Amino acid sequence: MCGIVGIVGKSNVNQALYDALTVLQHRGQDAAGIVTSHDGRLFLRKDNGLVRDVFQQRHMQRLVGHMGIGHVRYPTAGSSTSAEAQPFYVNSPYGITLAHNGNLTNVEQLAKEIYESDLRHVNTSSDSEVLLNVFAHELAQRGKLQPTEEDIFAAVTDVHNRCVGGYAVVAMVTGYGIVGFRDPHGIRPIVFGQRHTDEGVEYMIASESVSLDVLGFTLIRDLAPGEAVYITEEGKLHTRQCATNPSLTPCLFEHVYLARPDSIIDGVSVYKARLRMGEKLAEKILRERPQHDIDVVIPIPDTSRTAALELANHLGVKFREGFVKNRYIGRTFIMPGQAARKKSVRQKLNAIELEFRGKNVMLVDDSIVRGTTCKQIIQMAREAGAKSVYFCSAAPAVRYPNVYGIDMPSAHELIAHNRTTQDVADLIGADWLIYQDLPDLIEAVGGGKIKIEHFDCSVFDGKYVTGDVDEHYLAKIEQARNDASKAKTQAVSAIIDLYNN
């Protein structure tokens, strides 16, 4: 899960890119980067950290040009080195920079092809750099001194033919324009829009529509699966379907947790989808326990608030804010390392004892992934005096690894993997645990005015839409993650030993 943005404007776009990245900060807190183009030269700033920390005034002043792309990074394989901050750059052909949200499942094969056949060097372990080199190679195959939109779209077609996985991409071809494209399954989101200024029309490509809204751009639409949009430096817009057999199967987890509620993804309001999640949960509770004794519904801020409110309304139960959130602590799901997650929960939330003492409390969260956070929150509720603590997940049990760009690739980290609902309830300390049913979640997201028939539900049902993920692949992913974790632990230990000596 990362955030991407690209803008072709009529004046310097550095501030607009910065503002867009702050709006997309929820999609990644590990690193941030911006690259702009002016008079055939590139100006790049990227580093680890939040947007506000990476970009100081001196950096912004150097990011000149009316065309540029930006990225906020969320590590998908346990790594958080500054070398993998995006955008990435290759000098041939033309000078191309690229920012990517997602994950390629055939990255090992591609890396081998790039080295042995394309004769290109990849400098990091990032699949985004691999994707960039594939795109650059295919564009170079056109052999043009000045690429046309036909050349751009032909290169994207070849990318689709070679790359497998979930990906949404913005790339800038220095001196020519910005291209955005989406994988043939449409797993990761990407939209584009426009705004009118005194100087002319400006265009923007981004992960979520909310970033367009905040900057005064009007949403044109989502990119279709396999589709590409190319905006020339002069501001001419071109679109083309570049995949042979595209099929819309967007990531269901985007609506559960990843996206902001004020975004619209594939024509679906995230806010309304979460309202419907609350309705479906209330219906399930009334089916299973029509004589429930819930006194109050309390959301775990912030993502679950919308579903919790509608849940309370349909149950006819009081809705209360029982936790106060420290706004200066990052999202625990995104924080690298389990130890950091454990430490941050009590710094992040504080219980209001008045709302808990002597009550049967229904806590509502968007999902349960590792279970560490909700276990601590349930304990906080008990310490605040709750009589009984029930727990409700707006998503089904997360039982399987994600391979398309969300940082939960290892099955053993998932609390629900190979466990029953009662097992999970016992582990997190809940008196009663209720999960959303998968058909209900699909109906909540895809059953609005815009009908979406199929989703990537792999974290819930273990069915991977790209068709190339098997037990061997998942085992390799888990081993790579374990190796990265061991290397990090050894590095920290070495630093401690050096200090002590």
Side-chain angles (χ1 to χ4, degrees), residues 2-27 34 36-37 51 65-72 99 101 149 152-153 156 168-172 177-182 186 188-242 248 250 254-255 258-275 306 445 448-452:
C2 298
I4 59 174
V5 60
I7 298 176
V8 177
K10 298 300 180 181
S11 58
N12 285 336
V13 296
N14 51 356
Q15 187 64 53
L17 289 168
Y18 177 94
D19 293 341
L21 290 182
T22 60
V23 176
L24 295 173
Q25 185 76 84
H26 62 285
R27 300 190 66 87
I34 290 175
T36 58
S37 174
V51 174
H66 66 86
M67 180 172 71
I69 63 175
H71 185 266
V72 284
N101 172 32
E149 65 270 19
I152 297 291
F153 293 140
V156 174
V169 174
V170 288
M172 180 167 63
I178 288 179
V179 57
F181 56 91
R182 192 180 189 186
R188 301 263 71 89
I190 183 170
V191 300
F192 65 102
Q194 64 180 18
R195 70 179 177 187
H196 295 270
T197 68
D198 293 338
E199 292 80 19
V201 180
E202 299 181 323
Y203 290 97
M204 180 175 176
I205 307 168
S207 292
E208 294 184 34
S209 64
V210 62
S211 54
L212 277 69
D213 299 339
V214 170
L215 273 73
F217 284 78
T218 300
L219 174 67
I220 296 176
R221 59 180 174 84
D222 298 79
L223 278 180
E227 187 182 21
V229 56
Y230 176 54
I231 305 158
T232 67
E233 192 173 31
E234 295 73 32
K236 292 183 179 180
L237 177 72
H238 307 273
T239 62
R240 181 77 54 84
Q241 176 54 255
C242 298
L248 181 62
E254 285 278 354
H255 290 270
L258 304 182
R260 273 182 43 156
D262 43 348
S263 283
I264 297 173
I265 299 177
D266 293 309
V268 177
S269 164
V270 176
Y271 176 76
K272 288 187 176 181
R274 290 178 183 168
L275 287 176
T306 307
V445 177
K449 291 183 179 180
I450 304 296
K451 304 294 182 181
I452 301 177

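Just so you know, these numbers come straight off a predicted model, no measurement behind them.
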- Which pair of non-hydrogen atoms, one from Leu248 and one from Asp266, has the smallest distance, and what is that distance? CD1-OD1, 4.0 Å
- What are the two closest non-hydrogen atoms of Leu215 and Ala16, and how far apart are they? CD2-O, 3.2 Å
- Query: For the residue pair Tyr18 and Ile34, what are the closest heavy atoms and their distance?
  - Reply: N-CD1, 3.8 Å
- Query: So how far is it from Leu223 CG to Phe192 CZ, rounded to the nearest 0.5 Å?
  - Reply: 5.5 Å
- To the nearest 0.5 Å, how far apart are CG in Leu219 and CD in Gln194? 10.5 Å
- Message: Test your reading of the model: is there a side-chain donor-acceptor pair from Arg27 to the backbone of Val72, 3.5 Å cut-off?
- Response: no
- Message: How long is the straight-line distance from SG of Cys2 back to CG of Leu258, given to the nearest 0.5 Å?
- Response: 11.0 Å
- Query: Going from CE on Met67 to CD1 on Ile7, what distance comes out if it is rounded to the nearest 0.5 angstrom?
  - Reply: 12.0 Å
- Item | Side-chain donor/acceptor of Asp222 to backbone N/O of Val191, under 3.5 Å | no
- Flag side-chain contact, heavy atom, 4.5 Å: Val229 against Ile190: no
- Message: Let's go through Leu237 and Val201 carefully: what are the C-alpha distance in whole Å and the side-chain angles of both, what is the deciding distance for side-chain contact (heavy atoms from CB on, under 4.5 Å) to 0.1 Å, and is it a yes or a no?
- Response: CA-CA 10 Å; Leu237 177 72; Val201 180; over 6 Å; no
- Mind checking whether Asp213 and Ser263 have side chains closer than 4.5 Å, heavy atoms only? no
- Counting N and O atoms only, with roles assigned by atom type, does the side chain of Thr218 sit under 3.5 Å from a partner on the main chain of Gly193, one being a donor and the other an acceptor? no
- For Asp262, which residues count as a salt bridge (Lys or Arg N to Asp or Glu O under 4.0 Å) partner, sequence neighbours excluded? Arg260
- Task: Please indicate whether Lys10 has more than 12 foreign heavy atoms, meaning atoms of other residues, nucleotides or ligands, lying under 6.0 Å from its NZ.
- Result: yes
- Query: Okay, side chain of Gln25, backbone of Val51: is any donor-acceptor separation there less than 3.5 Å?
  - Reply: yes
- Item | Partners passing salt bridge (Lys or Arg N to Asp or Glu O under 4.0 Å) against Glu149 (at least two apart in sequence or in another chain) | none
- Message: If we count only N and O atoms by modelled type, under 3.5 Å, do the side chains of Glu199 and His66 hold a donor and an acceptor together?
- Response: no
- Task: Work out which heavy atom in Met172 is nearest to a heavy atom in Gly68; give both atom names and the distance.
- Result: SD-CA, 3.7 Å
- Message: Under the criterion side-chain contact (heavy atoms from CB on, under 4.5 Å), I'd like the reasoning laid out for Val5 against Leu17: C-alpha separation, chi angles, the key distance, then a yes or no.
- Response: CA-CA 7 Å; Val5 60; Leu17 289 168; 3.9 Å; yes
- Query: Does Arg240 use its side chain to pair, donor to acceptor, with the backbone of Phe153 at less than 3.5 Å?
  - Reply: no
- Task: Indicate the atoms forming the closest heavy-atom contact of Ser11 with Glu202, along with that distance.
- Result: N-OE2, 4.0 Å
- Euclidean distance, Asn14 CG relative to Asp19 CG, rounded to 0.5 Å: 9.5 Å
- Are Ile205 and Ile231 side-chain neighbours, meaning at least one heavy-atom pair lies under 4.5 Å? yes
- Message: Can you confirm whether Thr239 sits close enough to Arg221 that some side-chain heavy atom of one is under 4.5 Å from a side-chain heavy atom of the other?
- Response: yes
- Message: Looking at every non-hydrogen atom in both residues, tell me the closest pair between Ile69 and Val170 and how far apart they are.
- Response: CD1-O, 3.9 Å
- Task: Any chance you could measure His255, atom NE2, to Ser269, atom OG, to the nearest 0.5 Å?
- Result: 9.0 Å
- Message: A side-chain contact here means heavy atoms from C-beta on lying under 4.5 Å apart; do Tyr203 and Ile178 qualify?
- Response: no
- Does Ser211 reach the main-chain N or O of Leu24 with its side chain, forming a donor-acceptor pair under 3.5 Å? no
- Task: Output yes when a side-chain donor or acceptor of Arg188 lies under 3.5 Å from a complementary backbone atom of Arg182, and no otherwise.
- Result: no
